[in-house]
Number of protein chains: 2
Amino acid sequence: MPQAAATAAKGAATRAAILDRAIDLASAEGLEGLTIGRLAAEMEMSKSGLFGHFGSKEELQLATVEAAALRFRRAVIDPVLTIPDGADRLRAMIDAYLDHIDVGGYSGGCFWGSTAAEMDDRLGPVRDAIAAALDAWLAELERQAGLAGLAHPDLAAFELYSVVMGANLRYRLSKDRQVFDHARASVDRLLAEATK
Amino acid sequence: MPQAAATAAKGAATRAAILDRAIDLASAEGLEGLTIGRLAAEMEMSKSGLFGHFGSKEELQLATVEAAALRFRRAVIDPVLTIPDGADRLRAMIDAYLDHIDVGGYSGGCFWGSTAAEMDDRLGPVRDAIAAALDAWLAELERQAGLAGLAHPDLAAFELYSVVMGANLRYRLSKDRQVFDHARASVDRLLAEATK
DNA sequence: CCTACCGATCGGTAGG
DNA sequence: CCTACCGATCGGTAGG
């Protein structure tokens, strides 16, 4: 590998490592609380060294949202692609998401719950990127709800979205894992309509 | 009124006006984004003049959460106290809450949605105060769900809580008022179980 | 990638 | 309630 390419590859790897840490930091502290100084300290880099990878705080925030969307896709969407469309796929996606929140995924709770509530009243590309990611998640839920034969896929998607977000928020406040059972029971009730 | 009492009353009025503004600012910018300098500028006071009412940022945050809980009670709980317990009361509370989010109430969207997501990963009295307020709201939903004759009041309360929070978050991201119809349809579906 | 800065703003204090 | 500060931290820049 030529030296220039090796340097570029190392730069990309550093950038990826920064974003990995940035997702968790933003999940806990928000996208404003994701400060360049603090992120640099955690990465054991200088502030300006880290800053150079992005050029502005907004670009760092955008790159973090993008990286979080990729992590979400890998944890929740990709693993269920082999499962038949409809009720089974829907069920598997919800389970993957609840596991993602519960066990692995985001150390600081769900990235999307935190950042969507933080940014929803603002204007600009960061807010728009978050909105687009959540719209895509809602649209996928609606598509699968339609394929599952539910009477009102848009309503079902809204309820699934709400229950899963609600479970995340309740769990983080109460630390009571029973909320995941509640969320799964809600999903069962919704999907029962499709199979009866 | 003696001069000392008049002075104290004026101080209390100023404090109440500050907190009224603080709720809206925190709804939009979060409880960390609620900075003393910005709040002082909006109240056309000096920073230290405002600071003196609270003594620390944490006390300001706690007072703001308390004031928001009072506003919530006045908008959502008190107006429905004359309505019979059970399904009717539950329905009226949800409607009051959705109106509260939609029309009046919080200029920056729901205070509780924003601040709960912001603070849920932290430790300390501010987080605990938010958790207590939301626990009380969930408990009231569960109590009324029980009185409405629902089979699983805890599950129903979780679903109502989630759907109402989800409507708030979806509305703020999509600006599509249809989410309120979805929320009301979800509530109808839940309550139908109680009356059939 | 680094050191060494910049002006602005943070929470908070002194003194009145 | 005010002016005038404090040290720390913010996002960002200059220069290497």
Side-chain angles (χ1 to χ4, degrees), chain A residues 2-22 25-26 28-65 115 118-119 122-127, chain B residues 2-22 25-26 28-65 115 118-119 122-127:
Chain A
Q3 200 179 351
T7 305
K10 195 183 170 193
T14 301
R15 189 186 143 103
I18 291 169
L19 289 175
D20 213 56
R21 190 74 204 84
L25 196 53
E29 311 287 337
L31 283 165
E32 291 304 327
L34 174 70
T35 68
I36 294 165
R38 180 157 169 193
L39 188 54
E42 296 202 11
M43 297 300 297
E44 294 183 305
M45 294 172 63
S46 69
K47 256 177 60 179
S48 73
L50 190 143
F51 185 87
H53 281 278
F54 305 98
S56 75
K57 172 144 191 189
E58 186 172 278
E59 285 301 323
L60 167 63
Q61 291 174 323
L62 276 171
T64 303
V65 171
T115 60
E118 179 188 8
M119 304 299 281
R122 312 196 188 176
L123 296 173
V126 180
R127 184 214 113 103
Chain B
Q3 201 179 351
T7 304
K10 194 181 171 193
T14 301
R15 190 186 143 104
I18 292 168
L19 290 175
D20 212 56
R21 191 75 205 85
L25 195 54
E29 310 287 337
L31 283 164
E32 291 304 328
L34 175 70
T35 68
I36 294 164
R38 180 157 170 193
L39 188 55
E42 295 203 12
M43 298 300 297
E44 295 181 303
M45 293 172 64
S46 70
K47 259 177 55 177
S48 74
L50 191 143
F51 184 87
H53 280 278
F54 305 97
S56 75
K57 172 145 188 185
E58 187 172 278
E59 286 300 324
L60 167 62
Q61 292 174 322
L62 277 171
T64 302
V65 171
T115 61
E118 178 187 11
M119 303 300 283
R122 312 196 187 176
L123 296 173
V126 180
R127 184 213 113 101

## Note on the structure
note: A:L39, atom CG; D:dG11, atom P; distance rounded to Å ~ 10 Å
### Heavy-atom pair of closest approach, residues A:A26 and A:T64
CB-CG2, 4.5 Å
### Message
What's B:S46 touching, base or sugar-phosphate or nothing? Going by heavy atoms closer than 4.0 Å.
### Response
base
### Query
When you measure from the side chain of A:H53, which nucleotide among D:dC10, C:dC1, C:dG11 comes out closest?
C:dC1
#### Entry: Value in whole Å for how far the C1' atom of D:dG12 lies from CG of A:L60
13 Å
### Task
Quickly work out the B:R38 CZ to D:dC10 P distance and round it to whole Å.
19 Å
### Query
Counting just side-chain N and O atoms, does B:T14 come under 4.0 Å of either OP1 or OP2 of D:dC1?
yes
### Task
Using atom types as modelled and distance alone, determine if a side-chain donor or acceptor of B:E118 lies under 3.5 Å from a backbone N or O of A:G30.
no
## Note on the structure
By the Watson-Crick or G-U definition, both distances under 3.5 Å, C:dG11 is matched with D:dC6
#### Entry: For C:dG16, the Watson-Crick or wobble counterpart (both distances under 3.5 Å)
D:dC1
### Task
Starting at atom CD of B:E58, determine the distance to atom P of C:dC10, rounded to an integer number of angstrom.
19 Å
### Message
For a quick test of reading the model, state the closest non-hydrogen atom pair linking B:E42 to B:L25 and the distance between them.
### Response
OE2-CD1, 3.8 Å
### Query
Does any donor-acceptor pair link the side chain of B:K57 with the base of C:dG12 at a separation under 3.5 Å?
no
### Task
Measure across A:R127 and A:M119 and return the closest heavy-atom pair with its distance rounded to 0.1 Å.
CG-O, 3.2 Å
### Query
For A:F51 and D:dT13, what is the distance between atoms CZ and P respectively, to the nearest whole Å?
5 Å
### Task
Among C:dG12, D:dC10, C:dC1, find the nucleotide with the atom closest to the side chain of A:T35.
D:dC10
### Query
Rounding to a whole Å, what distance do you find between B:K47:NZ and D:dT3:C1'?
12 Å
### Message
Whole angstroms only, please: what is the CD-C1' distance between B:E32 and C:dC10?
### Response
11 Å
### Message
Ignoring hydrogens and geometry beyond distance, is the side chain of B:S48 in donor-acceptor contact with the base of D:dT3 at under 3.5 Å?
### Response
yes
### Task
Let me know the distance between CD1 of A:I36 and P of C:dC5, rounded to the nearest Å.
20 Å
#### Entry: With B:H53, the side-chain contact (heavy atoms from CB on, under 4.5 Å) member among B:T14, B:L19, B:L60
B:T14
